[in-house]
Chemist: 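One structure follows; several queries about it will come next.
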Amino acid sequence: MTLHPQPLAPALAAAEAAGRSTVRLDLDGVRGKAELMRRCGDALRLPEWVGGNWDALADALRDLSWLPVAAEGRLVAVTGWRGYAGARPAEWETFVEVLEEAVDFWRERGPGPGLAVVLAGPEPGPGGGPESGHGPAAGAPPRTPRLKRRRG
């Protein structure tokens with residue numbers, strides 16, 4: 001399942017108009033950590049030194065020096081995530097924790113460009129959204145609170 005691009009496009013355009021650089025991280029079809037890390041690397045243009053582990057991703061999200069600097073910060077829109085969240089709930093929880101920690105890190109730095117992350121929901125309705133009961137979104141867990149220290 002993928003998110004129809006129309007609902008997200010106005011939000012991304014508004015963020016860019018407000019001075020944020022935007023990145024869309026599409027997780028449609030991702031069913032494991034290795035593929036998640038590849039998608040993150042491609043979308044965020046992560047440097048070669050970022051390995052396929054949670055701590056390396058967390059370090060990279062606290063750096064972001066390789067991305068263009070935007071006056072109002074950066075926005076990462078995560079789309080197509082429900083299939084991964086449903087297939088690998090423990091990995092999804094860890095990924096959310098990494099994202100939350102990165103957002104907190106940039107917020108605590110004080111004034112200046114920061115990082116915001118949004119989880120874009122699926123398009124509702126027959127054949128794909130949560131109301132349909134079909135496809136990988138059915139029964140996917142909601143975002144969960146922070147977890148214990150991650151590994152690997």
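A quick note: this is a predicted structure, and the numbers were derived from the prediction, not measured.
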Chemist: Can you name the closest pair of heavy atoms from Leu115 and Ala102 and give their distance?
Modeler: CD2-CB, 3.7 Å
Chemist: Using every non-hydrogen atom in the two residues, find where Phe95 and Cys40 come nearest and quote the distance to one decimal.
Modeler: CE1-SG, 3.8 Å
Chemist: Taking all heavy atoms of Arg74 and all of Arg20, pick out the closest pair and write down the distance.
Modeler: O-NH1, 3.4 Å
Chemist: Backbone N or O of Leu61 within a donor-acceptor pair of the Trp106 side chain at under 3.5 Å?
Modeler: yes
Chemist: So which atom in Ala56 and which in Gly51 form the shortest heavy-atom distance, rounded to 0.1 Å?
Modeler: CB-N, 3.6 Å
Chemist: Would you indicate whether the side-chain heavy atoms of Lys33 and Trp54 approach each other to under 4.5 Å?
Modeler: yes
Chemist: Step by step, would you call Val78 with Val117 a side chain to side chain contact (heavy atoms under 4.5 Å, CB included)?
Modeler: CA-CA 7 Å; Val78 183; Val117 176; 4.0 Å; yes
Chemist: Would the Trp81 and Tyr84 ring centres measure less than 6.0 Å apart?
Modeler: no
Chemist: For the residue pair Leu25 and Ala43, what are the closest heavy atoms and their distance?
Modeler: CD1-CB, 3.8 Å
Chemist: Spell out, as yes or no, whether a donor-acceptor pair under 3.5 Å connects the side chain of Glu16 to the backbone of Ser21.
Modeler: no
Chemist: For Glu35, what residues pass the side chain to side chain donor-acceptor pair (under 3.5 Å) criterion, not counting sequence neighbours?
Modeler: Arg38, Arg39
Chemist: Considering only residues two or more places apart or on different chains, which pairs with a residue in residues 107-120 satisfy side-chain hydrogen bond (donor to acceptor under 3.5 Å, both in side chains)?
Modeler: Asp104-Arg107
Chemist: Please report the closest heavy-atom contact between Thr22 and Leu12, naming both atoms and the distance.
Modeler: CG2-O, 3.8 Å
Chemist: With the side chain counted from C-beta on, respond yes when Leu46 and Leu57 share a heavy-atom pair under 4.5 Å apart, and no when they do not.
Modeler: yes
Chemist: Indicate whether the side chain of Arg24 and that of Thr79 have a donor and an acceptor atom separated by less than 3.5 Å.
Modeler: yes
Chemist: Applying side chain to side chain contact (heavy atoms under 4.5 Å, CB included) to Asp63 and Phe105, what does each step give before you reach the verdict?
Modeler: CA-CA 10 Å; Asp63 181 353; Phe105 171 83; over 6 Å; no
Chemist: Got a second to check how far Arg88's CZ is from Glu93's CD, nearest 0.5 Å?
Modeler: 13.0 Å
